[in-house]
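See below for the structure under consideration.
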Amino acid sequence: MKKYLYILMLPIALLWTACDKEGLSVPVASFTMSTTETSINETVAFTYTGTGAEQVVLFTGDEGHNYDLIHQGNSGLVLNKGLLTYSYKTAGVYKVVLIATNYNDRAEDMVYSVDSAWITVNDDNVELRSVSLRKDMYLKELQAQKIGDNTLLFAVPYKVRVSNRDIAVSMNKQRVSIEPMSNSAVVTVNGAAYNENTSYDLTQPFEIEVCSPSGNSKTYHSVVMHYPVFESFSIEGVDGVSACSEYYFDKVSITVELPAGTDVSALKPVFASADAQQITVNGEQQISGETVVDFTEPVVYTLTTGDGDVSVESTVEVSVSLL
């Protein structure tokens, strides 16, 4: 049901009146919603379908945007070009109110009309917003990657660089940050209630289950893989010195210092990697002790390991200098 109200704006007070304002026409307030029933964190589109309004404001009805609580500080949202997209964070049944307004050039006189509708918001979301390792990664956050519908890939470095030192990462004691899309969802890890301060053994099977208030549930399976690295890398019998990147988990640098006069344009490095199933340079397969490489400029090796559809790739930049 639409209501038509007229407002006279004065410097000190707002006076409500039922008189027509000369030169101002009452706008038509009407709108459509992309759905009348949705889930939390799902996008709903509100479209103004009325006419004659200088400004259109919509109250979504949830906390902070309740039209009935406007005198308690609740506010509406302005429609941009007649459209507003919005995601509800809390389940409930909400009254959506649209205000279509007209006013004169000096905003001394104003007229507006109101339209409303109801929307139901359910909380059946069992998706994860994020899963990460951080507290036991020396404050270097590592996000799990979602593979397919319910697989989480933790691609973990063997070491992280902290204060110019490479420190080993322990996988049998890791605190995991799990954030579901729904604030009301219940999360369990391997059948026990999730606790952000619990240390989990990521070397063992690791399952996360998310249960929504409506009873829906979803289980996520984890896959933990290390970024492949060179256990050893040498040229002409000289071992390279490796260092992890301070900013990227998948990048390592190796420096090799060779005697003066060495021809660096045609060298055969000797290397070993237990993890890497494939080692390439510019897409070409590299064989330890056989492939000839030009080290006039730094060379980037790509190391890849994988299991079926899940693979992890790292890069190692090798630089050769002369003493």
Side-chain angles (χ1 to χ4, degrees), residues 31-49 56-70 72-99 115-135 141-154 175-198 200 206-223:
F31 68 100
T32 61
M33 301 185 295
S34 57
T35 181
T36 58
E37 185 170 358
T38 187
S39 299
I40 62 169
N41 300 309
E42 296 292 331
T43 300
V44 181
F46 300 93
T47 305
Y48 175 58
T49 57
V56 180
V57 175
L58 186 127
F59 291 79
T60 51
D62 54 344
E63 184 178 1
H65 305 297
N66 188 334
Y67 179 70
D68 294 332
L69 300 178
I70 190 172
Q72 297 181 26
N74 278 228
S75 60
L77 304 171
V78 177
L79 273 70
N80 182 20
K81 297 182 179 180
L83 177 66
L84 173 72
T85 56
Y86 189 77
S87 298
Y88 289 88
K89 305 302 180 185
T90 307
V93 179
Y94 300 107
K95 182 182 180 181
V96 182
V97 178
L98 179 137
I99 312 293
D115 192 14
S116 64
W118 292 89
I119 187 169
T120 301
V121 181
N122 300 311
D123 190 352
D124 55 3
N125 198 317
V126 291
E127 298 299 318
L128 290 170
R129 177 175 285 109
S130 68
V131 179
S132 63
L133 308 179
R134 185 171 186 271
K135 290 185 177 180
E141 186 171 16
L142 187 153
Q143 289 279 350
Q145 179 184 352
K146 189 176 179 183
I147 307 294
D149 185 54
N150 63 344
T151 299
L152 298 173
L153 170 63
F154 291 92
R175 284 171 289 180
V176 183
S177 175
I178 303 174
E179 186 178 356
M181 293 291 288
S182 168
N183 294 330
S184 303
V186 175
V187 178
T188 59
V189 177
N190 293 337
Y194 163 68
N195 187 315
E196 63 178 3
N197 293 316
T198 298
Y200 297 100
F206 184 77
E207 290 189 345
I208 300 172
E209 184 177 34
V210 181
C211 297
S212 73
S214 66
N216 287 350
S217 66
K218 186 173 183 178
T219 301
Y220 296 84
H221 308 278
S222 69
V223 175

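Please read these numbers as outputs of a predicted model, since none were measured by experiment.
- Among Pro180, Ser212, Ser182, Cys211, the one residue that satisfies the side chain to side chain contact (heavy atoms under 4.5 Å, CB included) test with Val126 is Ser212.
- Using a 30° and 60° split on the angle between ring planes, Tyr200 and Phe206 fall in the perpendicular class, above 60°.
- In terms of the side-chain contact (heavy atoms from CB on, under 4.5 Å) criterion, residue partners of Ser132 (sequence neighbours excluded) are, by chain and number, Glu141, Gln143, Ser177.
- Nearest heavy-atom pair across Asp149 and Tyr220 is O-CE2, 3.9 Å.
- The CD atom of Glu209 sits 11.0 Å away from the CG atom of Asn190 when rounded to the nearest 0.5 Å.
- To the nearest 0.5 Å, atom CZ of residue Phe31 and atom OG of residue Ser116 are 6.5 Å apart.
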- Message: side-chain contact (heavy atoms from CB on, under 4.5 Å) for Ile147 and Val223? Distances and angles first, verdict last.
- Response: CA-CA 10 Å; Ile147 307 294; Val223 175; over 6 Å; no

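- A search for side-chain hydrogen bond (donor to acceptor under 3.5 Å, both in side chains) contacts involving Thr38 returns nothing, not counting sequence neighbours.
- Not counting sequence neighbours, the partners of Thr36 by the side-chain contact (heavy atoms from CB on, under 4.5 Å) test are Met33.
- With contacts defined as side-chain heavy-atom distances shorter than 4.5 Å, the pair Leu58/Tyr48 does not qualify.
- Under the salt bridge (Lys or Arg N to Asp or Glu O under 4.0 Å) criterion, Lys89 pairs with no residue at all, not counting sequence neighbours.
- Looking only at side-chain heavy atoms (C-beta outward), Ile40 and Met181 stay at 4.5 Å or farther from each other.
- With contacts defined as side-chain heavy-atom distances shorter than 4.5 Å, the pair Val121/Thr90 does not qualify.
- Between the OG atom of Ser39 and the CG atom of Asn125 there is a distance of 6.5 Å, given to the nearest 0.5 Å.
- Among residues two or more places apart in sequence or in another chain, the side-chain hydrogen bond (donor to acceptor under 3.5 Å, both in side chains) test is passed with Thr47 by none.
- With sequence neighbours excluded, the residues that form a side-chain contact (heavy atoms from CB on, under 4.5 Å) with Leu77 are Thr60, His65, Leu84, Tyr86.
- For the side-chain hydrogen bond (donor to acceptor under 3.5 Å, both in side chains) test, no residue two or more places apart in sequence or in another chain qualifies with Asn74.
- The distance from atom OG1 of Thr188 to atom OH of Tyr194, rounded to the nearest 0.5 Å, is 12.0 Å.
- Here salt bridge (Lys or Arg N to Asp or Glu O under 4.0 Å) pairs that include residues 176-194, with residues two or more places apart or in two chains, are Arg129-Glu179.
- Listed by chain and number, the residues in a salt bridge (Lys or Arg N to Asp or Glu O under 4.0 Å) with Glu127 are Lys146, Lys218 (sequence neighbours excluded).
- Scanning all heavy atoms of the two residues, the minimum distance from Thr35 to Glu37 falls at OG1-O, 2.7 Å.
- Residues satisfying the side-chain hydrogen bond (donor to acceptor under 3.5 Å, both in side chains) test with Glu42, not counting sequence neighbours, are none.
- If you take CD1 on Ile70 and CZ on Phe59, they are separated by 4.0 Å, rounding to the nearest 0.5 Å.
- Scored by the side-chain contact (heavy atoms from CB on, under 4.5 Å) test, Val131 finds Leu128, Ala144, Leu152, Phe154, Val176, Ile178, Ile208 as partners (sequence neighbours excluded).
- Every residue was checked against the salt bridge (Lys or Arg N to Asp or Glu O under 4.0 Å) condition with Arg134, not counting sequence neighbours, and none meets it.
- Expressed to the nearest 0.5 Å, how far OH of Tyr88 lies from CG of Asn41 amounts to 13.0 Å.
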